[in-house]
Every structure is written in C-alpha cells, then in structure tokens.
Protein chains: 2
Amino acid sequence: MKDADTEQHTLEEIRTRFISVMAKNMEVYGISETVGRLYGTVYFHDQPMTLDEMSASLCMSKTSMSTNIKILSEANMVERVWQKGVRKDLYQDEDDWYKSFTTVFIDRWRSATNANLESAEHTKKELQAILDKTNDSMVYEKAATDLSRVEKALDYYAWLDEIIHLFETEQIFDYVNKK
Amino acid sequence: MKDADTEQHTLEEIRTRFISVMAKNMEVYGISETVGRLYGTVYFHDQPMTLDEMSASLCMSKTSMSTNIKILSEANMVERVWQKGVRKDLYQDEDDWYKSFTTVFIDRWRSATNANLESAEHTKKELQAILDKTNDSMVYEKAATDLSRVEKALDYYAWLDEIIHLFETEQIFDYVNKK
DNA sequence: TATTCCGTACAGTATATACTGTATGGATTT
DNA sequence: AAATCCATACAGTATATACTGTACGGAATA
C-alpha cells in the first residue's frame with residue numbers, strides 16, 4: 001500500500017497527463033495548447049483561481065496568464081467571479097461545455113461563412129455586370145465559367161450556413177442529445 | 001464601353017479578390033492562407049496545373065508549391081491527374097466540396113476526439129484504482145472529484161463523437177440537404 | 001549510356017507567434 | 001493623501017513557422 005503523500009503525487013501526475021491531452025487537442029477549436037492547458041488547470045482546480053495561482057501552477061508569467069485567460073473568457077470557457085474580501089480577479093470554468101462549443105467554435109465558422117457568402121454574392125454581381133456589358137466573346141466565356149464556379153461556392157456556403165444554424169439554434173440537440 | 005484587354009484585367013482582379021477572401025477564411029479548416037490561395041488558384045484555373053504554373057501564378061517558389069499541393073492532396077482537396085505526353089505532375093481541384101469537408105475537417109475532429117476519449121477512459125481507470133486502494137480520506141475525496149470531472153469530459157466527448165459520426169456516415173445530409 | 005527534366009529533401013533565412021519583465025494607471029487600503 | 005496591490009500595456013526576446021534556393025535521385029528522353 002502506498003502512503004498518502006505518494007498517492008497525492010500520483011493524483012497530480014494523472015491530472016497533468018489528462019490536461020495535456022486535453023490541451024493538445026483543443027487546437028482543433030483553434031485554441032493554442034498553452035491556453036488549453038490553462039483551461040484544464042482552472043477546470044481541475046477546486047476553487048476559482050487568481051492570476052498568481054495560475055502563474056505558479058503553470059510556471060509561466062502573470063502577463064501570459066492575463067492574456068490567455070482573456071482568450072478563455074472571450075470564448076466563454078471561463079468566467080470571472082467575485083468573492084467577498086478578495087481583491088484579485090478570480091476565474092472559474094464555465095460548466096456548460098455545449099454552450100462553450102458554440103461560442104468558441106461555431107462563432108468562428110459563422111463569421112468565416114458570412115464573409116464567404118458576402119464575398120461570393122458580391123463577386124457574382126460583378127461577373128454578371130461584365131456578362132451584360134461585354135462584346136468580347138472570350139471575355140464573356142471566361143466570366144461565365146467564373147460565375148459558375150462562384151455559384152458552386154455559394155451553394156456550398158449556403159449548406160454550411162444551415163449547418164451552423166443547426167448549432168446556433170440548438171436544434172442539433174434534437175438529433176444528438178446532450179449527455 | 002471597356003475594351004477587351006481592360007475587361008480581362010478586371011476579371012483577373014475579381015478572381016484574385018474572391019480567392020483572397022476564400023483563402024483567408026480557410027483558416028477555420030486549419031488550412032493556412034497560402035495553401036488556401038493555392039487551392040483557389042487551382043480551382044479557378046481552366047486546366048489542371050503544373051507546379052511551375054502555380055509557382056508563376058502565385059510568384060512563389062516551386063518548393064512551396066510542392067509542399068503546399070501535398071497538403072491539399074492529402075486533404076483530398078486536389079487530385080493529381082494524368083495527361084498524355086505531359087511529364088510534369090498535373091493537379092486539379094477535387095470537385096466534391098462536401099466530401100472534402102469531411103476529409104479536411106471532420107477527420108481532424110475524429111482523431112482529436114478519439115485521443116480525448118482514450119485519455120479520459122484511461123484516466124478514469126487510474127482514478128478508480130486509487131479510489132479502491134487508498135485508506136487516506138483526503139486522497140479519496142480528491143480522486144472522487146477528479147473522477148467526476150473526467151466523467152463529465154467523457155460525456156461531452158461522447159456527444160462530439162456522435163456529431164462527428166453524423167458527418168462521417170453522411171447522415172447529416174438527411175437533416176441538411178446538399179445544395 | 002549520357003543527358004535532360006522533374007519533384008522534393010534539406011539547410012538556411014525571414015517572418016510571425018509566443019512568452020517574459022518592466023512600467024503604468026487605476027483601485028483599494030491605511 | 002500616501003502607500004499598496006492589482007491587472008495589463010508595451011517593448012524586447014525567444015521560439016516556431018513559412019518560405020526560398022540549392023542539390024540530388026529518379027525517371028524520361030536522346
């Protein structure tokens with residue numbers, strides 16, 4: 001049988017390893033490993049954490065903690081909480097991971113897809129204008145093929161738009177239930 | 001009325017602008033802007049392209065074209081094609097964007113989620129082992145709370161797994177039709 | 001077989017990103 | 001009002017990524 005100190009140490013190791021995997025895979029969300037590790041640290045901490053505690057826990061500068069926690073905060077993955085008598089900022093993890101998924105991830109897709117849609121619509125109009133005006137058959141042909149390519153993109157973006165909508169409206173949970 | 005040369009030039013500009021937006025937003029797929037721009041170039045090119053043509057078109061080194069086209073190729077966004085009498089490698093865009101979406105994007109999530117699931121399962125077992133063995137109440141409590149956190153993660157990963165499955169099996173198209 | 005041509009491995013360089021330490025302004029306490 | 005404490009802006013440094021040019025091995029041609 002191990003003694004309590006060794007066990008405590010083992011627990012720490014287990015945590016650290018789990019957090020590392022977690023953090024590494026957060027890159028698919030567009031979240032850097034360091035930021036991911038910070039999230040894991042906060043997630044596994046029993047109480048809300050101060051910047052100094054994060055700094056000590058990760059052996060990284062307080063400045064880094066400040067910038068990284070801001071990223072997590074804007075992604076709604078952590079929230080600042082208040083405790084009486086505590087002057088330092090305190091952060092704890094946002095516990096609805098499904099909600100976080102949307103804010104972190106879907107929001108990114110939303111803005112990208114909107115930009116693409118807008119660009120495609122605009123390009124479509126420009127090409128149609130050329131088709132209307134030109135007398136040159138070569139130009140006409142080029143514009144026509146380009147237009148078909150842009151329209152294909154538009155169709156795809158529209159599909160993506162609907163997918164994103166599925167998550168934004170939480171309709172997705174009708175198809176795949178929260179666990 | 002513009003003359004044909006000016007119109008051609010305008011067409012070029014329109015293309016370039018559209019491709020730029022496209023490329024920039026491809027970063028949500030985890031594809032760099034340069035690689036995205038290369039894809040756009042190939043997509044809008046009327047014939048399959050050689051590395052030299054890409055190099056000339058983007059004013060970038062052939063080495064870059066080689067590495068970047070490899071990325072696109074592995075993501076199934078372009079394919080190498082053969083033409084009689086042509087010694088150079090020829091690449092053209094993969095026209096099923098919905099399929100590409102899966103290979104580029106969902107595959108990334110698949111491996112990340114699998115890694116997370118595996119890690120969580122493994123951690124769960126380790127913690128349960130400690131719970132079984134320990135005589136220290138402090139250790140027991142810590143392990144128990146960590147376990148509940150890991151289990152929460154497991155639930156979430158299971159949900160993600162189902163989402164990914166939806167795309168892999170193309171069942172998603174029952175809910176959101178291809179355009 | 002000798003020559004040419006092609007794609008890419010590799011090493012070096014430039015650019016971008018991540019991280020740190022110091023400085024500062026604002027808030028709280030004394 | 002003075003002193004203390006806190007988060008963060010900013011500038012500088014280190015690391016990682018992206019890009020280029022050269023060199024080379026293999027395939028096609030002569």
Side-chain angles (χ1 to χ4, degrees), chain A residues 19-20 22-42 45 47-75 77-92 108, chain B residues 19-20 22-42 45 47-75 77-92 108:
Chain A
I19 290 173
S20 288
M22 212 179 160
K24 192 173 288 169
N25 290 313
M26 276 198 187
E27 289 185 342
V28 296
Y29 290 84
I31 288 175
S32 77
E33 193 172 339
T34 309
V35 176
R37 182 168 286 112
L38 178 61
Y39 177 78
T41 306
V42 174
H45 201 260
Q47 283 84 35
M49 287 182 93
T50 66
L51 293 178
D52 286 318
E53 285 170 338
M54 299 173 203
S55 178
S57 175
L58 288 170
C59 288
M60 289 182 77
S61 72
K62 198 175 174 182
T63 305
S64 272
M65 300 305 99
S66 176
T67 43
N68 290 340
I69 206 76
K70 195 182 173 197
I71 292 168
L72 289 173
S73 188
E74 283 170 358
M77 290 177 68
V78 300
E79 54 176 353
R80 197 152 64 77
V81 293
W82 180 86
Q83 255 177 32
K84 61 174 181 180
V86 180
R87 273 174 70 179
K88 302 187 181 189
D89 287 357
L90 289 167
Y91 292 92
Q92 70 181 19
R108 210 167 298 218
Chain B
I19 290 173
S20 288
M22 212 179 162
K24 191 172 289 169
N25 290 312
M26 275 197 188
E27 288 185 343
V28 296
Y29 291 82
I31 289 174
S32 76
E33 193 172 339
T34 309
V35 175
R37 183 168 285 113
L38 177 60
Y39 176 78
T41 306
V42 174
H45 201 259
Q47 283 86 33
M49 286 183 93
T50 66
L51 293 178
D52 287 319
E53 284 170 339
M54 298 173 204
S55 180
S57 175
L58 289 170
C59 289
M60 291 181 76
S61 72
K62 199 176 173 180
T63 305
S64 270
M65 300 304 100
S66 176
T67 44
N68 290 339
I69 206 75
K70 197 185 171 195
I71 291 169
L72 289 172
S73 189
E74 283 171 358
M77 292 176 66
V78 299
E79 55 177 351
R80 196 152 64 76
V81 293
W82 181 86
Q83 255 176 34
K84 61 174 181 180
V86 179
R87 273 175 68 180
K88 302 189 181 188
D89 288 357
L90 289 168
Y91 292 91
Q92 70 182 18
R108 210 168 296 219

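So that the names make sense, note that chain A is the first sequence line, chain B the second, and so on, each numbered from 1. As the structure is a prediction and not an experimental result, all values here were calculated from the model.
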What integer distance in Å separates Asp52(A):CG from dG21(C):P?
14 Å
When you look at Thr50(A) and Asp89(A), which way does the side-chain contact (heavy atoms from CB on, under 4.5 Å) test go after all the steps?
CA-CA 6 Å; Thr50(A) 66; Asp89(A) 287 357; over 6 Å; no
Which residues, if any, of residues 65-73 of chain A bring a heavy atom under 4.0 Å of DNA chain D?
Ser66(A)
Should Ser61(B) be listed as having a side-chain N or O under 4.0 Å from OP1 or OP2 of dC19(D)?
no
Tyr91(B) and Val42(B): which non-hydrogen atoms are nearest, and at how many Å?
O-CG1, 3.9 Å
Between P of dC6(D) and OH of Tyr91(A), the distance in whole Å:
14 Å
Distance check needed: dC6(C) P versus Arg80(B) CZ, whole Å only.
15 Å
Please check this pair: side chain of Ser55(B) against backbone of Met60(B), looking for a donor-acceptor N/O pair closer than 3.5 Å.
yes
State which of dT29(D), dA7(D), dT4(D) makes the closest approach to the side chain of Arg87(B).
dT29(D)
Atom-pair distance (CE on Met60(A); C1' on dT17(C)), nearest Å
13 Å
In terms of side-chain heavy atoms of Thr34(A), which of dC19(C), dA18(D), dT8(D) is nearest?
dC19(C)
Candidates dA7(D), dA18(C), dG21(D) - which lies nearest the side chain of Leu51(A)
dA7(D)
Nearest whole Å is fine: how far is dA18(D) P from Ile31(B) CD1?
13 Å
Length of the line joining Leu90(A):CG and dC5(D):P, which is rounded to integer Å
17 Å
Please pick, from dA9(C), dC19(D), dT20(C), the nucleotide with the shortest atom-to-atom distance to any side-chain atom of Thr63(B).
dA9(C)
Does any non-hydrogen side-chain atom of Gln92(B) lie less than 4.5 Å from one of Glu79(B)?
yes
Whole-Å distance separating the CD atom of Glu33(B) from the C1' atom of dT15(C)
14 Å
Would you mind reporting whether Met49(B) and Met65(B) have side-chain heavy atoms less than 4.5 Å apart?
no
So, do Met54(B) and Thr41(B) sit near enough that their side-chain heavy atoms are less than 4.5 Å apart?
no
Residues pairing under salt bridge (charged side-chain N to carboxylate O under 4.0 Å, His left out) where one sits in residues 59-73 of chain A, two or more places apart or in two chains, turn out to be Asp52(A)-Lys62(A)
Nucleotide nearest Lys88(A) (side chain, heavy atoms from C-beta), chosen from dA7(D), dA18(D), dT20(D):
dA7(D)
Between C1' of dC19(D) and CE of Met54(B), the distance in whole Å
17 Å
Presence of Lys62(A) side-chain N/O under 4.0 Å of dA7(D) phosphate oxygens OP1/OP2:
yes
